[in-house]
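Presented below is the structure to which this report refers.
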Amino acid sequence: MPAPHPEPPHHILPLPDGDLHYTQAGAGTDAPVLLIHGSLCDYRYWRWQTPAFSDTRRVLAPSLRGCWPGAQSHPQATYAVKRHAGDLAHLLRALDAHGGAHVIGHSRGAQVALALAVQAPDLCRSLTLADPGFRFADEPETPVFYAAAVQRLQAGDTEDALEQFIDTVNGADTWRKMVGWFKDMVRDNAATLLSQIVEANLPVDPRDAAALSCPLLLITGANSPAKYGTRLDRLQQLLPQAQRARIALASHGMNLANPRAFNRAVLDFIADA
């Protein structure tokens with residue numbers, strides 16, 4: 001595991017109906033990197049990517065609306081995939097990234113990243129989707145795997161709720177073994193599940209995915225639950241030109257479990273994109 005770096009400066013971008021919190025690091029004239037976190041996370045999730053990527057590029061890591069440090073009461077209507085994508089388009093335009101960014105989304109953040117690429121293709125120089133879990137519109141709905149976690153959260157049993165969620169997406173006993181900073185981050189964002197479940201099973205139109213024209217990297221952990229592999233396989237069918245990467249010794253949280261391999265795979269991809 002690399003040594004920790006100082007946290008990059010925190011910024012606030014005023015939006016027409018709120019604020020977007022983000023960090024920015026690095027510089028350069030090449031297209032910036034936009035890091036989009038997933039469920040129960042915020043910009044702190046990218047602690048091993050921001051310093052590595054900012055050696056050569058400008059890196060933007062937002063906390064999606066409603067997440068720490070801009071946490072609000074939940075459920076809330078603005079905690080929605082398309083709304084997040086619109087916020088990020090606003091961020092890129094406000095920071096003069098008119099030539100597009102290398103957009104990297106993990107888990108739920110991968111659906112936000114895809115929505116951004118569909119809404120504003122001019123802002124997406126390349127797209128990296130790490131273990132997306134979304135449903136395609138031509139597939140039947142499935143039970144919401146975190147419904148029990150939401151029920152526990154509503155009952156006030158936050159620790160059990162978070163353990164159930166994290167262990168489901170990463171593997172049994174993951175929550176118990178996680179380091180303190182990660183648990184603190186997840187606790188800070190626990191209430192977002194109350195909003196997220198409103199959009200559970202939000203579908204992706206396969207025609208939108210198939211119409212993507214930017215370079216695409218599909219990335220997973222060697223030990224990630226099988227459902228994520230099925231999403232990547234379907235995307236590969238829709239976009240045969242997409243590249244694939246598999247991160248050894250890692251599950252769903254691949255960028256934390258094996259950051260060197262994850263960073264190398266992404267940096268190699270965007271260097272040619």
Side-chain angles (χ1 to χ4, degrees), residues 12-22 34-46 60-94 101 103-124 127-139 141-147 149-151 153-154 161-162 165 169 185-186 188-209 211-212 228 231 235:
I12 300 176
L13 175 69
L15 298 171
D17 56 351
D19 294 323
L20 183 68
H21 297 258
Y22 69 99
L34 177 66
L35 301 170
I36 309 175
H37 66 80
S39 303
L40 294 173
C41 296
D42 53 58
Y43 61 58
R44 293 173 290 181
Y45 182 71
W46 302 107
L60 307 172
S63 286
L64 297 178
R65 186 193 296 244
C67 298
W68 181 96
Q72 302 168 9
S73 60
H74 290 269
Q76 57 174 270
T78 55
Y79 191 84
V81 167
K82 289 184 179 180
R83 192 64 167 273
H84 294 323
D87 290 347
L88 299 182
H90 191 97
L91 174 68
L92 291 176
R93 292 189 174 110
V103 180
I104 302 166
H106 174 257
S107 198
R108 180 177 181 267
Q111 187 164 8
V112 176
L114 180 59
L116 173 61
V118 171
Q119 286 183 25
D122 59 305
L123 294 177
C124 191
L127 183 63
T128 296
L129 303 181
D131 270 2
F134 50 72
R135 174 179 70 91
F136 287 97
D138 56 2
E139 298 172 333
E141 292 194 25
T142 56
V144 181
F145 76 87
Y146 56 93
V150 169
Q151 291 176 349
L153 195 62
Q154 292 169 330
L162 299 179
F165 186 99
V169 298
M185 177 186 65
V186 170
D188 287 340
N189 294 293
T192 60
L193 286 183
L194 302 176
S195 293
Q196 184 172 320
I197 198 166
V198 176
E199 274 197 327
N201 274 316
L202 179 70
V204 166
D205 190 327
R207 294 171 297 182
D208 288 339
L212 292 174
Y228 298 112
R231 306 299 83 200
L235 285 164

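- For the pair Ala209 and Phe136, the tightest heavy-atom approach, listed with the atom from each and the gap, is CB-CE2, 4.5 Å.
- Side-chain contact between Leu153 and Leu194 is present, with heavy atoms from C-beta onward closer than 4.5 Å.
- Two residues are said to be in side-chain contact when any heavy atoms from C-beta on lie closer than 4.5 Å; Leu20 and His90 fail this criterion.
- The OG1 atom of Thr128 sits 12.5 Å away from the NE2 atom of His106 when rounded to the nearest 0.5 Å.
- Taking each heavy atom of Leu92 and Leu34 in turn, the nearest pair found is CD1-CD2, 4.1 Å.
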Give the C-alpha distance, both sets of side-chain angles, the deciding distance and a yes or no for side-chain contact (heavy atoms from CB on, under 4.5 Å) between Arg108 and Glu199.
-> CA-CA 11 Å; Arg108 180 177 181 267; Glu199 274 197 327; 4.0 Å; yes
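- Atom CG of Leu127 and atom CG of Leu116 lie 8.5 Å apart (nearest 0.5 Å).
- Here the SG-NE2 distance, from Cys67 to His21, works out to 10.5 Å after rounding to the nearest 0.5 Å.
- Remark: Glu139 engages Arg231 in a salt bridge, criterion side-chain N to carboxylate O under 4.0 Å.
- Two residues are said to be in side-chain contact when any heavy atoms from C-beta on lie closer than 4.5 Å; Ser39 and Tyr146 fail this criterion.
- To the nearest 0.5 Å, atom CZ of residue Arg93 and atom CG of residue Leu88 are 11.5 Å apart.
- Trp68 has its side chain within reach of Arg44: a pair of non-hydrogen atoms, C-beta onward, lies under 4.5 Å apart.
- In this structure, the side chains of Gln111 and Leu129 stay at 4.5 Å or more apart for every pair of heavy atoms.
- Checked for salt-bridge contact, Arg65 and Asp17 meet the test: a charged N lies under 4.0 Å from a carboxylate O.
- A donor-acceptor pair shorter than 3.5 Å can be found between the side chains of His74 and Ser195.
- Here OH of Tyr45 is found 11.0 Å from CG of Leu35. Values are rounded to the nearest 0.5 Å.
- Arg135 has its side chain out of reach of Val204: every pair of non-hydrogen atoms, C-beta onward, lies at least 4.5 Å apart.
- Tyr22 and Pro62 make their closest contact through CB-CA, 3.6 Å (heavy atoms, listed as atom of the first residue, atom of the second, distance).
- Nearest heavy atoms, Leu91 versus Leu13: CA-CD2, 3.6 Å.
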For Ile36 and Val103, what are the C-alpha separation, side-chain angles and deciding distance, and is it a side-chain contact (heavy atoms from CB on, under 4.5 Å)?
-> CA-CA 8 Å; Ile36 309 175; Val103 180; 3.7 Å; yes
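- Looking at heavy atoms from C-beta onward, Asn201 lies out of side-chain contact with Phe134 at the 4.5 angstrom threshold.
- The CG atom of Leu202 lies 10.0 Å from the CD atom of Glu141; values are rounded to the nearest 0.5 Å.
- Phe165 and Leu193 get closest at one heavy-atom pair: CE1-CD2, 3.7 Å.
- Shortest non-hydrogen contact noted between Lys82 and Gln119 is O-NE2, 3.2 Å.
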